[in-house]
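Scroll down for the structure; my scribbles are underneath it.
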2 protein chains.
Amino acid sequence: MANINEVAKVAGVSVATVSRVLNGQNVVTPKTKIKVEDAIRKLKYEPSMLGRNLRNSESRVLLVLVPTISNPFYFEIIKGIEQNALDHNYNILLCETDSNPERENIYFDLVRKKMADGIISMDPAVNIDTLKELSKNHAIIQCSEYSLEGNIPYVTIDNEDAAYRAVKHLIKLGHEKIALFNSNEKYLYARQRKDGYVKALEEFGIQVNPDYMLYTDQLGFEQGIQATKKVMSLKDRPTAIFSVSDLLAIGALKELNNTGVEVPDEVALIGFDNIDFSNMTHPTLTTIAQPMYQMGTVASTMLINKINGEDVENKFLNHELLIREST
Amino acid sequence: MANINEVAKVAGVSVATVSRVLNGQNVVTPKTKIKVEDAIRKLKYEPSMLGRNLRNSESRVLLVLVPTISNPFYFEIIKGIEQNALDHNYNILLCETDSNPERENIYFDLVRKKMADGIISMDPAVNIDTLKELSKNHAIIQCSEYSLEGNIPYVTIDNEDAAYRAVKHLIKLGHEKIALFNSNEKYLYARQRKDGYVKALEEFGIQVNPDYMLYTDQLGFEQGIQATKKVMSLKDRPTAIFSVSDLLAIGALKELNNTGVEVPDEVALIGFDNIDFSNMTHPTLTTIAQPMYQMGTVASTMLINKINGEDVENKFLNHELLIREST
DNA sequence: GTTAGTTATGTAAAGGATTACATTTTCGTA
DNA sequence: TACGAAAATGTAATCCTTTACATAACTAAC
């Protein structure tokens with residue numbers, strides 16, 4: 001593989017001139033430019049990013065931290081990040097932490113060792129202390145999930161309001177016995193969504209029933225099944241379920257289908273996230289849509305700005321309640 | 001940020017010695033080793049991969065090319081690749097081509113420009129000519145989808161046999177009118193799966209009915225709905241459907257559910273890939289399981305071997321027919 | 001035809017690590 | 001104590017670009 005020196009030699013110019021042509025600085029005479037371009041073509045020269053990156057002290061790689069790639073919620077966000085990153089000549093390294101600190105550390109090391117220029121964290125289980133520490137010397141943005149500690153910029157939606165509206169929708173349909181499938185309250189978004197749930201109930205004078213509030217460690221299909229089993233075995237069954245994730249809701253739907261409970265007639269169901277599959281189930285799922293693609297592009301833009309030393313502000317994006325067959 | 005020179009100065013040794021400590025070469029006296037480690041800690045030194053990579057002419061990044069990250073089929077494969085890569089100190093760059101040549105080219109450029117050491121391609125729509133050309137100078141492995149052109153090593157399953165067994169299973173259940181939802185025959189795997197379908201029918205003396213063979217450009221949910229509408233509007237409806245992807249099958253299931261057709265009683269259904277959701281539908285989906293995780297680790301191992309200049313052989317892995325509620 | 005002022009090109013340092021080769025230190029043995 | 005071999009450490013080149021600064025070439029005006 002040819003390097004810039006050989007190109008310079010063949011073109012009969014200096015490496016500086018070759019570099020100038022490469023980087024499109026138009027201080028180069030058309031005549032010399034052509035000589036250089038001919039040499040490049042002749043030698044099939046491809047500039048090495050290794051040398052370039054070292055010289056520029058950058059890697060042009062963005063780290064994207066997700067707890068798991070199996071959760072479709074992240075797809076659109078990732079697509080948004082990726083498109084925006086490519087548009088700015090960055091590449092993304094998708095990192096699945098599995099909420100495993102060891103793995104997380106492997107990825108954090110990449111930014112410490114300059115293999116990545118910044119991080120977009122979407123992992124609610126991220127080690128916030130490490131993140132805080134890292135954010136002192138590196139560009140970091142939180143996307144969707146966030147913590148207020150450490151003053152790390154974030155982009156997200158108003159979780160409380162989203163939950164509030166979902167539950168209000170159920171109440172308007174006549175439901176009073178509304179279960180909440182939530183994730184662990186150590187996560188900020190879980191607390192916020194609960195607050196919205198409680199706020200809606202209280203506003204309509206409905207007593208909050210602790211039996212109806214279930215917590216699961218993960219937001220998966222299986223957890224949805226289990227939570228549904230539990231709540232449907234109560235003497236006083238709920239007539240509606242609000243799940244803080246579509247996967248949970250799809251698990252619930254499966255269990256309700258299996259036990260012959262009619263959705264939405266006997267039990268109404270709302271999910272959260274509007275993943276693709278929420279529209280493929282039978283019946284289709286009412287859910288809260290976050291502007292995921294946009295969230296991705298915004299996060300990416302914020303990160304790139306931060307890398308360039310600019311100040312960035314937190315952003316709240318709009319959500320939307322999609323009413324479908326399950327309510 | 002400190003560099004190796006400063007560490008050397010603080011430790012009172014040469015950069016070579018620091019480098020030796022860093023790389024765990026145990027030619028260094030315990031006494032000096034401690035001095036160096038102290039200096040590293042004191043300066044919070046982190047070796048830069050930029051310098052290291054340039055010097056070693058490697059990036060320790062593997063490119064993974066997928067048509068889309070939304071298809072759950074790729075999850076487990078990616079997880080397998082990633083774990084194996086991490087175990088060998090590589091990182092993966094997940095590249096979604098959207099079957100868009102321009103995007104593809106951005107990613108190919110990364111390996112041309114030394115930002116990546118090799119490629120695992122899982123995109124059936126990949127530009128095989130470019131891939132051939134690239135494979136002359138770069139390590140490339142095909143995973144799951146492959147082409148025989150260009151002699152690029154691959155890991156896959158026996159698609160013909162898998163389809164053959166699926167259709168045979170339907171025949172054994174008494175079905176004779178079996179539809180095939182296939183993807184475009186420009187793809188090798190589509191041709192192979194059709195061959196398996198035909199082989200099974202012929203073996204049992206069943207006439208192949210062209211009306212039952214549908215082709216779709218993409219393997220998504222929507223295409224499954226459309227194909228089902230088409231095939232169920234025939235005078236002589238099929239009693240079973242074999243889809244070459246779970247997503248297609250889930251689309252079919254949705255359409256059958258919607259129109260009140262009982263699965264499996266009126267129409268039996270088989271998918272392909274055993275994605276997570278195939279077990280979440282109602283009824284659950286009979287499907288063909290590929291050893292996806294293993295396919296990932298094998299592909300990754302093959303690629304790393306190739307990068308290290310070793311010869312690698314094509315591999316065929318075992319598949320399995322998972323009989324569930326839809327048949 | 002000079003000279004000053006532009007514009008184009010060249011030289012060499014810098015970025016941060018690894019490592020072949022050279023040099024110094026250590027240690028056992030005579 | 002001195003010598004040689006073995007072990008530890010150091011020096012400097014190398015990987016490939018970019019770019020500040022130096023120099024050369026050119027243009028225009030007198």
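Sequence lines set the chain letters: A, B, ... in the order given, protein chains first and strands last, and positions in each chain run from 1. Atom set for the values below is all heavy atoms of this structure, side chains included, hydrogens, waters and symmetry mates excluded.
Protein atom CG of B:Asn53 is 15 Å distant from nucleotide atom P of D:dT17, rounded to whole Å. Taking atom CZ on B:Arg52 and atom C1' on D:dC16, their separation rounds to 18 Å, with Å as the unit. In this entry the distance linking CD of B:Glu46 with P of C:dA17 reads 10 Å, nearest Å. In this entry the distance linking CD1 of A:Ile40 with P of D:dT17 reads 10 Å, nearest Å. What separates CD1 of A:Ile4 from P of D:dT14 is a distance of 18 Å, to the nearest Å. The distance between atom NZ of A:Lys114 and atom P of C:dA17, rounded to the nearest whole Å, is 8 Å. We find that CZ of B:Arg60 is positioned 17 Å from P of C:dA17, with the value rounded to whole Å. Atom pair B:Lys113:NZ and D:dT18:P shows a separation of 10 Å (rounding to whole Å applied).
A:Phe75 pairs by the ring-ring contact (aromatic ring centres under 6.0 Å, His included) definition with B:Phe75, not counting sequence neighbours.
Between B:Gly51 and B:Val28, the residue whose closest nucleotide on DNA chain D is further toward the 5' end is B:Val28.
A distance of 8.0 Å separates CG in B:Asn91 from CD1 in A:Ile106, rounded to the nearest 0.5 Å.
Listed by residue number, B:Ala16, B:Ser19, B:Arg20, B:Asn23 are the residues of residues 9-26 of chain B with a heavy-atom contact under 4.0 Å to DNA chain C.
A donor-acceptor pair is defined here as one N or O able to donate and one able to accept, closer than 3.5 Å; such a pair exists between the side chain of A:Asn308 and the backbone of A:Ile304. When atom types are taken as modelled, the side chain of B:Asp117 and the backbone of B:Leu62 share no donor-acceptor pair closer than 3.5 angstrom. Judged by distance alone, the side chain of B:Gln142 and the main-chain N or O of B:Ser147 form a donor-acceptor pair under 3.5 Å.
For B:Thr29, no side-chain nitrogen or oxygen approaches OP1 or OP2 of D:dA7 to under 4.0 Å.
Summary for the helix from C:dG1-D:dC30 to C:dA30-D:dT1: the axes at its two ends, each from 5 pairs, differ by 50° when rounded to the nearest 10 degrees.
Here A:Asn56 lies in heavy-atom contact (under 4.0 Å) with sugar-phosphate atoms only. Counting any heavy atom pair closer than 4.0 Å across all strands shown, A:Leu54 reaches a base atom. Using a 4.0 Å heavy-atom criterion, one finds that A:Leu50 contacts no nucleic acid atom at all.
Under 3.5 Å, the side chains of A:Ser70 and B:Lys79 contain a donor-acceptor pair of N or O atoms. Under 3.5 Å, the side chains of B:Ser183 and B:Tyr189 contain a donor-acceptor pair of N or O atoms.
With respect to B:Lys35 and B:Asp38, no salt bridge is recorded, no charged nitrogen being found less than 4.0 Å from a carboxylate O.
In this structure, B:Met115 and A:Ser59 approach most closely via the heavy-atom pair CE-O, 3.6 Å.
For A:Arg55 against D:dT17, a side-chain-to-base donor-acceptor contact under 3.5 Å is absent.
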